[in-house]
Amino acid sequence: MKIGVVFPQTEFPPDPIAIRDYAQAVEDLGFNHIHAYDHVLGANPDRPGGWTGPYTFEHSFFEPFVLFSYLAAITNTVEFDTGILILPQRQTALVAKQAATLDVLSRGRTRLGVGNGWNAVEYTALNENFHNRGKRMEEQVTLLRMLWTQPLVNFQGRWHNIPDAGLNPLPVQRPIPIWFGGTDEKVITRMARLGDGWMLNIRTLEQAHPKLNQLRHYLEEAGREPASFGIDLRMNMSLVGSEAWINFIAECQSMGATHLTVNTMGCEYETPSAHLEALKQFAEVAGLR
């Protein structure tokens, strides 16, 4: 099971040196991957009609492809995962180009996590339709794989039209792995048909068990072997104390997880070094070094 980290960007200063030091330290500690969340814009909670989302304009988010391109130049082995990129609020051909470029610059260290998102304000600002985002994402995933594997693409879909054009350069991975986020049953059925894996962000493993059973059912319905489908579970340090880390890792393995991602956000760490110190302790307990 591969173990990585969530980049704690809402609790991180906009300092490129601190970001560099964090990424290099994570790699040196033996972690496999770095997740980064995606939000282009944050809403004002005092806007007309109010706001109930978990993030606002006061929360800091680095654009994942730009962030990872920077990190690709200063690391050697750590994988870069969008966890998750809100795909339907972005232009598909542009996402294909950005992900392919990152994959080339990182020498094949890219995993694209995608999801529908929840922020209707963000969709409006990016001039995309919030209400048909799930169906559009299905077409997007199909088109992404075509663009990453074919030098020229002819595609006429419901929402996309590519008249004999293609990406250059193509990515190292052909295609780049596409993993899904989200826990709604419609999302699970969609990922069972179209995805390479699941980035499952659930607070407790007890909550994950029934969701994984649903996934196995829909994978079998789709004629796919569950063992070939990746599972990335989340461990929130704010909920799991150090005395329970070993048992948590073991239970993830018993559940068939291929990946585990450790999240240090929400622990009231005030500096980047505090996040890294917690990850250092985890790496020692987990035997990553």
Side-chain angles (χ1 to χ4, degrees), residues 1-12 18-40 54-55 59-72 74-75 77-87 90 95 98-99 102-103 106 108-118 173 176-183 187 191 195-203 205 208 230-240 245 248-249 252 257-267 269 272 275-276 278-279 282-283 286 288:
M1 185 173 67
K2 298 176 179 179
I3 301 179
V5 304
V6 174
F7 175 54
Q9 56 183 316
T10 62
E11 302 175 6
F12 217 89
I19 295 169
R20 177 202 66 188
D21 292 347
Y22 175 88
Q24 291 178 339
V26 162
E27 184 173 77
D28 290 343
L29 288 169
F31 288 99
N32 173 76
H33 55 272
I34 298 175
H35 266 33
Y37 298 155
D38 171 45
H39 281 290
V40 176
Y55 300 111
H59 291 91
S60 173
F61 286 91
F62 294 93
E63 201 289 318
F65 289 124
V66 177
L67 170 69
F68 287 153
S69 293
Y70 169 60
L71 297 182
I74 54 177
T75 58
T77 61
V78 71
E79 180 184 273
F80 304 116
D81 307 334
T82 58
I84 58 170
L85 191 83
I86 306 167
L87 185 58
R90 293 171 177 252
V95 170
Q98 291 170 314
L102 173 60
D103 202 55
S106 66
R109 291 184 281 150
T110 304
R111 183 161 50 119
L112 188 71
V114 300
N116 287 334
W118 48 265
Q173 302 176 94
I176 295 168
I178 298 178
W179 290 47
F180 280 70
T183 57
V187 173
M191 74 176 72
D196 297 306
W198 190 4
M199 295 175 175
L200 183 53
N201 186 8
I202 280 185
R203 291 175 64 83
L205 293 182
I231 301 294
D232 192 333
L233 297 177
R234 187 70 48 84
M235 194 199 86
N236 294 299
M237 279 193 176
S238 61
L239 300 175
V240 183
W245 290 347
F248 193 98
I249 293 169
C252 288
T258 57
H259 296 67
L260 171 63
T261 302
V262 179
N263 185 13
T264 58
M265 297 198 311
C267 295
Y269 298 139
H275 286 275
L276 283 173
L279 292 176
F282 181 89
L288 297 185

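If you read the sequence from its start, that first residue is 1, and numbering goes on from there.
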Checklist line | Separation between CZ of Phe7 and OG1 of Thr264, rounded to the nearest 0.5 Å | finding: 10.0 Å
Notebook entry, point to check: Minimum heavy-atom separation for Ala278 to Trp245, with atom names?
Noted result: O-CH2, 4.1 Å
Check: Is the closest side-chain donor-acceptor distance between Thr10 and His59 under 3.5 Å?
Finding: no
Next item on the list: Over all heavy atoms of both residues, which pair between Ile19 and Tyr70 is shortest? Give the atoms and the distance, please.
Entry: CG2-CE2, 4.2 Å
Margin query: If you define the side chain from C-beta out and look only at heavy atoms, does anything of Phe61 sit under 4.5 Å from Asp38?
Written below: no
Item checked: CD1-CG distance between Ile178 and Leu112, expressed to the nearest 0.5 angstrom -> 6.0 Å
Check: Charged N to carboxylate O below 4.0 Å: is that the case for Asp232 and Arg111?
Finding: yes
Notebook entry, point to check: Any chance the rings of His259 and Trp179 have centres within less than 6.0 Å?
Noted result: yes
Next item on the list: Kindly indicate, with the supporting measurements, whether the criterion side-chain contact (heavy atoms from CB on, under 4.5 Å) is fulfilled by Asp81 and Phe68.
Entry: CA-CA 9 Å; Asp81 307 334; Phe68 287 153; 5.6 Å; no
Notebook entry, point to check: Backbone N or O of Val40 within a donor-acceptor pair of the Glu63 side chain at under 3.5 Å?
Noted result: no
Next item on the list: Over all heavy atoms of both residues, which pair between Cys267 and Ser238 is shortest? Give the atoms and the distance, please.
Entry: SG-N, 3.4 Å
Next item on the list: Using the side-chain contact (heavy atoms from CB on, under 4.5 Å) rule, take Val26 and Leu276 through it: C-alpha gap first, then chi angles, then the decisive distance, then the call.
Entry: CA-CA 8 Å; Val26 162; Leu276 283 173; 4.2 Å; yes
Note to self: Rounded to the nearest 0.5 Å, what separates atom OG1 in Thr261 from atom CD1 in Ile34?
What the structure shows: 11.0 Å
Note to self: Between Gln9 and Ser60, is the side-chain hydrogen bond (donor to acceptor under 3.5 Å, both in side chains) condition met? List the steps.
What the structure shows: CA-CA 6 Å; Gln9 56 183 316; Ser60 173; 5.7 Å; no
Note to self: How close do Ile176 and Asp196 get, counting heavy atoms only, and between which atoms?
What the structure shows: O-OD2, 4.3 Å
Item checked: Close side-chain approach of Ile249 to Phe282, heavy-atom, < 4.5 Å -> yes
Notebook entry, point to check: Any donor-acceptor pair under 3.5 Å linking the side chain of Asn32 with the backbone of Gly4?
Noted result: no
Check: Does Val5 reach the side chain of His35, with side-chain heavy atoms less than 4.5 Å apart?
Finding: no
Next item on the list: Verify, without hydrogens or angle tests, whether Glu27 (side chain) and Val78 (backbone) share a donor-acceptor contact under 3.5 angstrom.
Entry: yes
Next item on the list: Any chance you could measure Trp118, atom CH2, to Tyr55, atom OH, to the nearest 0.5 Å?
Entry: 8.0 Å
Checklist line | Min side-chain heavy-atom separation Val95-Leu87 under 4.5 Å | finding: yes
Next item on the list: Please report the shortest heavy-atom distance between Cys252 and Leu233, naming the atom on each side.
Entry: SG-CD1, 3.7 Å
Margin query: Side chains of Lys2 and Leu260, heavy atoms from C-beta outward: is any pair under 4.5 Å?
Written below: no
Notebook entry, point to check: Between the main-chain N or O of Ile231 and the side-chain N or O of Thr258, is there a donor-acceptor pair closer than 3.5 Å?
Noted result: yes
Checklist line | Pairwise side-chain contact, Tyr22 with Pro272, heavy-atom cut-off 4.5 Å (strictly under) | finding: no
Check: So which heavy atom on Leu29 is nearest to which on Ala283, and how close?
Finding: O-CB, 3.8 Å
Next item on the list: Indicate yes or no: at least one non-hydrogen side-chain atom of Leu85 is less than 4.5 angstrom from one of Arg90.
Entry: yes
Check: Using 30° and 60° as the class limits, which term best fits the ring planes of His275 and Phe12: parallel, tilted or perpendicular?
Finding: tilted
Notebook entry, point to check: Any sub-3.5 Å donor-acceptor pair from Arg109's side-chain atoms to Thr75's backbone N or O?
Noted result: yes
Note to self: Could you work out, with side-chain contact (heavy atoms from CB on, under 4.5 Å) as the rule, every residue matching Asn263, not counting sequence neighbours?
What the structure shows: Val6, Tyr37, Arg234, Asn236, Met265
Next item on the list: Report yes if the side chains of Val262 and Leu279 come closer than 4.5 Å at any heavy-atom pair, otherwise no.
Entry: yes
